[in-house]
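Single-structure report; data block below.
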Amino acid sequence: MAIFLQAVLGGLTSGSIYALVGIGVSLIFKMSRVLNLAQGEFLALAALLAFSLVTAAHLPLALACALAILGVTALGLVFEQTAIRPARSQTMTVLLVITLGTSILLRGIAQVVWGKDPMSLPAFSGTDPLLIWELAVLPQALWVMGGILVVALALWLFFERTLVGKAMLAAAENRAAAEMIGINVIAMSRLAFGLSAAVGALAGVLVAPITFVSYDGGTMIGLKGFVAATIGGMGRIPGAIAGGLFLGVLEAVIAGYLSSLYKDVTAFIVLIIVLVLRAGLDKRTTLVQAG
Amino acid sequence: MMRAGVLSPEPRSTWRAPRLAAFAGLAAVAAVPFVARNDYQLSVLITIGIYCIALLGLDLIKGYTGLLSLGQAGFMGVAAYVSAILTARFGWEPLAALPVAIVAVLAVAALMAIPGSRLTGFNLALATLGFVIITEGLFLGLRNLTGGASGIAGVPHFRIGSLVFASGRANFWLVWGTCAVLVWVTRNLVSSALGQALRTIKQDELAAATIGIDVFKVKVHIFLIASVYSALAGSLFAHYVQFIAPEMVNWVVSTSLVTMLVLGGEGSVWGVFLGAGLLRLVPEVFNPVQNYLLIIQGLVLVVLMVYLPGGLWGLVERRVSS
């Protein structure tokens, strides 16, 4: 039982990261109907940037992390401006290829700047595991789980309590109507890219002390974020969180009882099953609506 | 099936190139091994040919039908592994292993395509991406069968009876010969009723269904046909390199295939050759590019998709026609 709980705890940690990435994926999809395959690269770039700010520029860890998140947020805005905006009227498949290209491009830049060696950040509050009942918990794991809580709460407050947040929801609900009542829909979409990049970057600096991050280290995590968002229903933020946590725990259990080699296989089998089931479900609802 | 010509453009003019030019082109390609200075140059050209075979299949899905598959490398992988396991482990003749590999790929493709063809747009892209990650995971995981991360070495050269394709020249002719046959097959396919149906689906799926095209069936068919192209590419790959490992057929290879197609231009056999050739040759000829390969690939995808969706061949065609 203790082994199982330990696995679940580990799963919740990686699940929180998937959830953060999934939130980013979902936010962008909700606002602009774009599936952003470069979401994982935001994570990797933030981790690498923070690493350089700590080791080369000798900045304090907290400042380095904050600057890395700011930098990646700016990158998200530039990405929206240069690659997504000009192709707005294209099909979703074209937009998907554009984000795929951006993901490869960012990986390429990271490879040239940081090389291929994996890097790690110092842990925020030490590496001595805490003992909670019989379970060993890394303090960094608590930071990660705290991160998802804070982000979830902040996003809830943003969408429920602020005018901008409500304007964003309105724009996602009905573009034309939102435009008519004076909401700047384009700015809302840009904001979504900025927010997504920021959440992805936060995931990067939170996870970098636990796992090594290299130039291509964000890709698979990004894809897992996709799976998380898909499980939870693309565009639904609470769904992305639940999906991420579920995926993390599932992977940990598979790795613990079968083999860690089948972690990725499991995640993507779940993805395909969910996609196919949902397609069947959608078809049925359209039929019901039509009839 | 109904004639769908009313809704779709005429087949590309490139397909109506005079027969004489086609034979001249074939002769020129066949003569290349006599011009190439060494086996290394030949090996680059052989790899390009293998990519072209897979690309012709991907073009049927993406270029003609307008669906994005990120899973073609997975089909290559299944065929490559079946061929490698049967020949290297069980001593089968490559010629006997090949049909088994193709059937295995068809079975896997059906498993993927039958639920997959109900998916729309990017959901299909995601599912195919999931598929290729699953196959890679299985190649890594089923160690007893696949050798895990170290792969399978000692795959014999392809041979037909006593005719062994061991030299660079022989492999060049084998690969490019296969490619030529597939170009001919593709040409006939896209000008058939099925080809018309593909283009109609690309333009408007709902309209296609309205005029009596069984969209689901057509999609499944094209996925199965394209998977055979990938299977041929995969088996030839394993026999030529005499080795197969998971990273040779993973999702990065799939995205490279998409990049080649986008670069060269969809819906045209020249675009396929141009894309595969450029993406493989430029880093060979201009060595410093090697380090910036990912950046170039990424830029190609982003810039071409935003500003030049027809690819380079589309640009050439526009110049010629205006």
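To find a chain, count down the sequence lines: A is the first, B the second, and so on, and within it residues start at 1.
Aromatic pair B:Phe75/B:Tyr229: ring centres not closer than 6.0 Å.
Within the structure, the side-chain hydrogen bond (donor to acceptor under 3.5 Å, both in side chains) test picks out the following pairs touching residues 25-42 of chain A (sequence neighbours left out): A:Asn36-A:Gln39, A:Glu41-A:Ser103, A:Glu41-A:Arg107, A:Glu41-A:Thr219. Among pairs with a residue in residues 287-313 of chain B, none fulfils salt bridge (charged side-chain N to carboxylate O under 4.0 Å, His left out), at least two apart in sequence or across chains.
With a 4.5 Å cut-off on non-hydrogen atoms, A:Phe79 does not touch chain B at all. A:Leu271 touches chain B through its side chain: at least one heavy atom from C-beta onward sits under 4.5 Å away, while N, CA, C and O do not. Residue contact with chain B, scored on non-hydrogen atoms closer than 4.5 Å, involves the side chain of A:Ile272 exclusively. With a 4.5 angstrom heavy-atom cutoff, A:Val276 touches chain B via backbone and side-chain atoms both. The parts of A:Ile98 that come within reach of chain B are both its backbone and its side chain, each placing non-hydrogen atoms under 4.5 angstrom from that chain. Within the 4.5 angstrom heavy-atom criterion, atoms from both the backbone and the side chain of A:Thr102 approach chain B. Both the backbone and the side chain of A:Ile109 come within contact range of chain B, each with at least one heavy atom under 4.5 Å from a heavy atom of that chain. Contact annotation for B:Leu138: both backbone and side-chain heavy atoms come within less than 4.5 Å of a heavy atom of chain A. Heavy atoms closer than 4.5 Å to chain A are found in the side chain of B:Leu129, but not in its backbone.
For the set A:Thr82, A:Val97, A:Leu95, A:Val274, the count of heavy-atom pairs under 4.5 angstrom toward chain B peaks at A:Val97.
Side-chain contact of A:Glu251 with A:Thr266: a donor-acceptor pair under 3.5 Å is absent, judged by distance alone.
Few gaps surround CZ on B:Phe216; more than 12 heavy atoms of other groups in view lie less than 6.0 Å from it.
The minimum heavy-atom distance linking B:Trp313 with B:Ser268 is given by the pair CD1-OG, 3.1 Å. Closest non-hydrogen pair, B:Ile213 versus B:Val218, comes out as CG2-CG2, 3.8 Å. For the residue pair B:Ala80 and B:Ile244, the shortest heavy atom distance occurs at CB-CD1, 3.6 Å.
Taking non-hydrogen atoms and a 4.5 Å limit, the residue list of residues 222-230 of chain A in contact with chain B, ordered by number, reads A:Leu223, A:Phe226, A:Thr230.
Taking the six-membered ring where tryptophan is involved, the planes of B:Tyr81 and B:Phe139 are essentially parallel, since the angle between them stays under 30° and well short of 60°.
Annotation: side-chain contact (heavy atoms from CB on, under 4.5 Å) contacts of B:Ala245 (sequence neighbours excluded): B:Phe243, B:Glu247, B:Met248.
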